[in-house]
Amino acid sequence: FAFRNQRLDLLLRVGEVCGDIGRFSVGPQPVIFLNSAELIHELLVTHGYDVMKLPEFSDSARPVLGAGLLTSEGEAHRAARKLVAPAFAPRTIANYAATMVSYAERLQREWSDGAILDIHHEMSRLTLWIVGKTLFDAEVLDEADDLGEALTTAIAHVNGSIGALVHLPQSWPTPHNRQFRAAIARLDATILRIIAERRQEAHHRGDMLESLLAARDEDGGQLPDEQIRDEVMTLFLAGHETTANALSWAWHLLSTHPVPYQRLLDEVDAVLGHRSPTLDDLPRLPYALQICKESLRLYPPAYFTGRKVLVDLTLGDYAIPRDTLIMLSPYTLHRRADYFADPLRFLPERFAPEQAERIPRHAYLPFGSGPRVCIGNHFAMMEMHLLLVTLAQHAAFAATAGTVIAEPLVTLRPKGGIAMTVRRRAAHADMPDGSVAPARQAV
């Protein structure tokens with residue numbers, strides 16, 4: 001019951017009671033829980049090829065993602081990773097920077113001064129536009145809301161399936177199953193349309209979809225649309241969901257911490273003035289990057305993961321038998337006081353270079369580690385950094401009344417969104433002293 005309905009509380013409680021390693025049960029299934037940087041490093045890196053992702057996750061996600069990068073194992077996973085790797089090479093993602101900035105500027109022009117926005121909805125729209133354009137060179141602006149709703153339905157289905165003790169067949173015509181099938185059909189309609197349109201083209205685009213369409217199987221034939229669909233769906237979901245959540249939590253934290261917020265705005269104004277940011281500006285915006293990293297520490301979108309042990313192995317002083325299920329949670333790991341002083345405090349300065357060096361290795365894992373480390377981690381960090389500073393140029397957000405609750409679905413979302421009042425920063429640019437004040441939360 002706790003794993004299904006109070007997951008974060010359960011993981012925090014196991015970490016607090018048991019320390020580095022503990023045990024709990026999901027129904028009849030025992031689970032080993034790791035909450036130690038050293039033990040997690042051994043599991044994910046040293047024994048990275050001696051384990052597989054939790055079958056419960058893969059089985060639950062497969063109706064959505066098919067046999068894509070997140071659900072495949074062994075040689076199939078290595079082949080899929082090799083297939084999509086060119087799209088995330090540093091030179092390739094550098095070409096996406098201008099598109100990210102352009103879409104962020106386009107979004108903020110829709111906001112009127114004093115409007116109340118659901119910032120999570122807005123960040124989801126933005127990252128959906130970006131993933132559609134940068135990875136597949138496709139415009140999805142007009143479909144963003146429909147696709148966002150379909151993705152939310154799909155994610156809720158996967159989450160419910162992971163925590164369920166009894167799994168009803170997908171073919172049963174329950175209201176939930178009908179809603180889920182409609183959501184997948186909506187997503188497939190867009191993705192399969194994009195694939196079909198691109199197969200008819202002859203000119204070079206140089207994006208991820210092009211590399212998939214050009215790939216060949218062992219017999220030299222084209223990859224079937226179904227396989228391409230699975231990889232596209234995986235990146236479509238993962239490429240927008242996690243960054244949208246990360247940005248939403250960053251704005252929430254900034255809106256409730258006026259001092260770091262003011263420092264961000266001061267840095268943005270000093271470095272950029274009124275011109276649009278570029279990739280070359282990012283090294284001169286270090287505090288913005290520290291905000292990104294600290295937000296990911298407190299609210300990592302991929303807040304838990306797990307592995308099934310394929311062989312008998314030893315982690316530290318513990319013998320772990322074959323077929324054992326192991327879980328770990330960056331959310332709990334990032335809250336250990338011996339790794340991060342005053343761990344519940346929002347303190348971007350802890351990621352300043354001189355302080356970041358003191359963080360134990362593998363105590364900070366927003367993107368995982370080992371053979372299954374997030375392949376889009378550099379893409380995601382560049383996107384979050386650029387979008388944060390671009391939007392900070394034009395708007396400031398103030399939290400409205402009400403509590404924001406973390407909802408641990410497949411990713412860590414803000415439950416019900418985050419309502420914020422937006423203020424146009426352009427209105428402050430003509431102040432006599434030239435100063436710009438951030439929106440501050442009323443106390």
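Position 1 is the first residue of the sequence, and the numbers go up from there.
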So side chain to side chain donor-acceptor pair (under 3.5 Å) across residues 229-238, not counting sequence neighbours, yields Asp188-Arg229
Between Thr190 and Arg186, is any side-chain donor less than 3.5 angstrom from a side-chain acceptor? yes
Please indicate whether Arg275 has more than 12 foreign heavy atoms, meaning atoms of other residues, nucleotides or ligands, lying under 6.0 Å from its CZ. yes
Is any NZ, NE, NH1 or NH2 atom of the basic residue among Asp50 and Arg307 found under 4.0 Å from an Asp or Glu carboxylate oxygen of the other? no
Going by side chain to side chain donor-acceptor pair (under 3.5 Å), name the pairs with one or both residues in residues 312-327, residues two or more places apart or in two chains. none
Could you tell me which residues satisfy salt bridge (charged side-chain N to carboxylate O under 4.0 Å, His left out) with Arg13, sequence neighbours excluded, listed by chain and number? none
Those residues at least two apart in sequence (or on a different chain) that pass salt bridge (charged side-chain N to carboxylate O under 4.0 Å, His left out) with Asp59 are Arg62
Does any pair with a residue in residues 24-35 pass salt bridge (charged side-chain N to carboxylate O under 4.0 Å, His left out), and if so which ones, sequence neighbours excluded? none
How about Tyr96 and Phe379: are their ring centres within less than 6.0 Å of each other? yes
Scan side-chain atoms only and decide if Asp281 and Thr278 contain a donor-acceptor pair under the 3.5 Å cut-off. yes
Residues at least two apart in sequence or cross-chain that pass salt bridge (charged side-chain N to carboxylate O under 4.0 Å, His left out) with Glu349, listed by chain then number, are Arg263
Would Leu209 and Ile228 count as a side-chain contact (heavy atoms from CB on, under 4.5 Å) if you check the C-alpha gap in whole Å, the side-chain angles of each, and the deciding distance to 0.1 Å? CA-CA 8 Å; Leu209 182 54; Ile228 294 175; 3.9 Å; yes
His77 side chain to Gly68 main-chain N or O, any donor-acceptor pair under 3.5 Å? no
Are more than 12 heavy atoms, taken from residues, nucleotides or ligands other than Glu16, located less than 6.0 Å from that residue's CD atom? no
Parallel, tilted or perpendicular: which one describes the rings of Phe304 and Phe3, with boundaries at 30° and 60°? perpendicular
By salt bridge (charged side-chain N to carboxylate O under 4.0 Å, His left out), which residues pair with Glu226, not counting sequence neighbours? none
Show me the pairs that pass salt bridge (charged side-chain N to carboxylate O under 4.0 Å, His left out) and involve residues 372-384, at least two apart or across chains. Glu73-Arg372
Pairs involving residues 241-260, ordered by first then second residue, that meet salt bridge (charged side-chain N to carboxylate O under 4.0 Å, His left out) (sequence neighbours left out): Glu241-Arg413
Tell me, which pairs form a salt bridge (charged side-chain N to carboxylate O under 4.0 Å, His left out) where one or both residues lie in residues 17-37, sequence neighbours left out? Asp20-Arg336
Pairs of donor and acceptor atoms involving the side chains of residues 356-367, under 3.5 Å and at least two apart or interchain, shall be tabulated with distances.
from, atom 1, to, atom 2, distance (Å)
His362, NE2, His41, NE2, 3.3
Tyr364, OH, Lys293, O, 2.7

Restricting to ring-ring contact (aromatic ring centres under 6.0 Å, His included), what partner residues turn up for His47, sequence neighbours left out? none
